[in-house]
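Quick caveat, the model's predicted, so the values are computed rather than measured. Computed from heavy atoms alone, side chains included, the values below leave out hydrogens, waters and symmetry copies. Whatever order the structure lists ligands and atoms in, that order sets their numbers, starting from 1.
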Amino acid sequence: MATEQSYIMIKPDGVQRGLVGEVIKRFEQRGYTLKGLKLMNVPKDLAEKHYQDLSARPFFPALVDYICSGPVVAMVWEGKGVVATGRKMIGATNPLASEPGTIRGDFAIEVGRNVIHGSDSVESAQREISLWFPEGVAEWTPAAKPWIYE
Ligand code: UDP
Ligand code: MG
């Protein structure tokens, strides 16, 4: 089984709107394994580091304020292809361009309130997981693994 991991984060609007269970349900039901999970308020410097590649963009200050505006649910999900498949499950950055059936396509309208983050590459995922989970994640093997992977 691949040990690929993705950093998935329910943003403050997703938490405030009661979408935590819905998001977790979708990743669980797909067959991915939850390896890390915490509800946390985000210090400004952590939000800035997380989005450091976007620091020159005009929306950066508003983006940092948004991420720091309430608690987020920080998660690590593991499984075959979880980075690319997680992005597909999340949908396009602009929710109006997200397909129905995706998380953003089902639950969001504006790019600045798009409910959820997912790593865009395996390398980004590794960077983001070490940033958000410096303490490490849980080690476990789901009993259902042979029923999900051949
Ligand atoms: N964002 C924004 N305005 C934009 C583009 C992005 O507010 O014009 C926000 C949005 O919340 C997005 C985040 O910045 O999710 C990170 O942008 P990125 O291009 O990495 O999109 P993502 O990977 O989240 O789909
Ligand atoms: Mg991104």
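Looking at T93 next to ligand 1, an N or O pair under 3.5 Å apart turns up. Taking distance alone, with nitrogen or oxygen atoms compared against 3.5 Å, R104 approaches ligand 1 more closely than that limit.
Side-chain atoms of S119 and E128 form a donor-acceptor pair, as typed in the model, at a separation below 3.5 Å.
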| Going through the distances and angles, do E135 and K38 end up as a salt bridge (Lys or Arg N to Asp or Glu O under 4.0 Å)? | CA-CA 12 Å; E135 70 275 26; K38 58 188 175 187; 2.9 Å; yes

| Audit row: I24, W77, side chain to side chain contact (heavy atoms under 4.5 Å, CB included) steps and yes/no | CA-CA 10 Å; I24 291 174; W77 285 91; 4.1 Å; yes

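Using a cutoff of 4.0 Å between basic side-chain nitrogens and carboxylate oxygens, D53 and R127 are not scored as salt-bridged.
The closest protein non-hydrogen atom to atom 12 (C) of ligand 1 is N114 ND2, 3.6 Å. The nearest protein atom to atom 23 (O) of ligand 1, hydrogens excluded, is given as R87 NH1, 2.7 Å; this is a heavy-atom distance. In terms of protein heavy-atom proximity, atom 10 (C) of ligand 1 is nearest to V111 O, 3.2 Å. For atom 17 (O) of ligand 1, the closest non-hydrogen atom of the protein is L54 CD1, 3.5 Å. Of the protein's heavy atoms, L63 CD1, 3.8 Å lies nearest to atom 9 (C) of ligand 1. Remark: minimum distance from atom 1 (N) of ligand 1 to any protein heavy atom is reached at F59 CE1, 3.6 Å.
Against a heavy-atom cut-off of under 4.0 Å, Y51 is close to the following atoms of ligand 1: 16 (C).
Classification of the F133-Y7 ring pair by plane angle, with boundaries at 30° and 60°, yields perpendicular.
A distance-only check finds no donor-acceptor pair linking the side chain of R113 to the backbone of A108 [under 3.5 Å]. In this structure, W132 contributes its side chain and M75 its backbone to no donor-acceptor pair below 3.5 Å.
Under a 4.0 Å heavy-atom criterion, R57 is not in contact with ligand 1.
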